[in-house]
Amino acid sequence: TTTMLQQCKYLTLSFSGAGHLLPYHLGVASVLRTHNNNNNNNNVAKNKKKKQLPAITAVSGSSSGAIAAAIYVYFPTATSNNDQNNDNRIVEYADRFITDGGRAMHHFETMLDEIIAEEEGSYSSS
């Protein structure tokens, strides 16, 4: 039997607003990113055994959900198992947010600036 999810060609993702839900949204974003990266790996035989989700083509949110959506889109993730630098950006953001007791936009802006600086540094050293 096929489910409605299996019949979908693509998914859209929307995070709701509510500041206290942001860490949960980030957990979902992290799992979806990890799942998506695993499905894109070259190990086709292994991936055929797993049920795959349709591609996520649009992400949105309101209030803290908009921050979660932006993090999902803009924070890089590992492209290979050897890419330790980008592997846990979403988890790092959640840790900063929880440890600091909030200041979601401050941490988003700070980490986005760090990511941009790292990318500019990698381009200039190439």
Side-chain angles (χ1 to χ4, degrees):
T1 64
T2 60
T3 66
M4 187 181 296
L5 184 60
Q6 291 170 325
Q7 294 173 9
C8 294
K9 293 180 183 177
Y10 60 87
L11 296 175
T12 59
L13 183 62
S14 177
F15 294 103
S16 65
H20 65 282
L21 293 178
L22 183 57
Y24 297 100
H25 290 327
L26 297 173
V28 169
S30 181
V31 168
L32 289 172
R33 274 296 181 92
T34 300
H35 182 70
N36 188 39
N37 284 349
N38 289 341
N39 284 342
N40 291 334
N41 285 345
N42 293 329
N43 192 349
V44 176
K46 183 180 177 184
N47 289 336
K48 282 186 179 179
K49 293 178 184 177
K50 291 183 178 181
K51 291 184 179 181
Q52 295 187 9
L53 291 175
I56 296 172
T57 59
V59 183
S60 65
S62 63
S63 191
S64 66
I67 295 170
I71 288 170
Y72 181 86
V73 171
Y74 287 109
F75 281 22
T77 58
T79 55
S80 71
N81 290 338
N82 298 327
D83 192 357
Q84 297 297 319
N85 219 14
N86 293 333
D87 200 22
N88 293 312
R89 290 286 191 182
I90 295 172
V91 173
E92 180 184 348
Y93 176 87
D95 287 343
R96 289 186 189 191
F97 176 79
I98 292 168
T99 301
D100 190 30
R103 300 190 329 144
M105 278 306 296
H106 165 76
H107 294 298
F108 177 72
E109 290 171 349
T110 300
M111 287 187 71
L112 198 55
D113 288 343
E114 292 168 3
I115 291 166
I116 291 168
E118 287 173 11
E119 288 178 358
E120 288 174 351
S122 69
Y123 290 132
S124 64
S125 63
S126 304

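When the ring-ring contact (aromatic ring centres under 6.0 Å, His included) test is applied to Tyr93, no partner is found at least two apart in sequence or on another chain. The ring-ring contact (aromatic ring centres under 6.0 Å, His included) search around Phe97 returns none, not counting sequence neighbours. The side-chain hydrogen bond (donor to acceptor under 3.5 Å, both in side chains) test applied to Asp100 returns Arg103, His107, not counting sequence neighbours. Residues passing the side-chain hydrogen bond (donor to acceptor under 3.5 Å, both in side chains) test with Glu114, sequence neighbours excluded: Arg96.
Taking 4.5 Å as the limit, every side-chain heavy atom of Tyr74 sits out of range of all side-chain heavy atoms of Ile115.
Considering all non-hydrogen atoms of both residues, His25 and Ala68 come closest at CB-CB, 3.6 Å. Contact record, Ala69 with Phe15: N-CD1, 3.7 Å, taken as the closest heavy-atom pair. Residues Ile90 and Leu26 share a closest heavy-atom pair of CG2-O, 3.3 Å. Annotation for Ala104 and Leu22: closest pair CB-CD2, 3.8 Å, computed over non-hydrogen atoms. Of all non-hydrogen atoms in Cys8 and Pro54, the two that sit nearest each other are O-CG, 3.4 Å.
Side-chain contacts under 4.5 Å among hydrophobic residues (ILVMFWY), followed directly or transitively, place Tyr24 together with Leu21.
Taking CD1 of Ile56 as the start and OG1 of Thr12 as the end, the distance is 9.0 Å to the nearest 0.5 Å.
For the salt bridge (Lys or Arg N to Asp or Glu O under 4.0 Å) condition, no pair includes a residue of residues 12-26, sequence neighbours left out.
In terms of modelled atom types and a separation under 3.5 Å, the side chain of Ser64 and the main chain of Ala18 share a donor-acceptor contact.
No path of Ile, Leu, Val, Met, Phe, Trp and Tyr side chains, each step under 4.5 Å between heavy atoms, connects Phe75 with Val91, placing them in separate hydrophobic clusters. Val73 and Met111 fall within the same hydrophobic cluster, where Ile, Leu, Val, Met, Phe, Trp and Tyr residues are linked whenever their side-chain heavy atoms come under 4.5 Å apart, directly or through other members.
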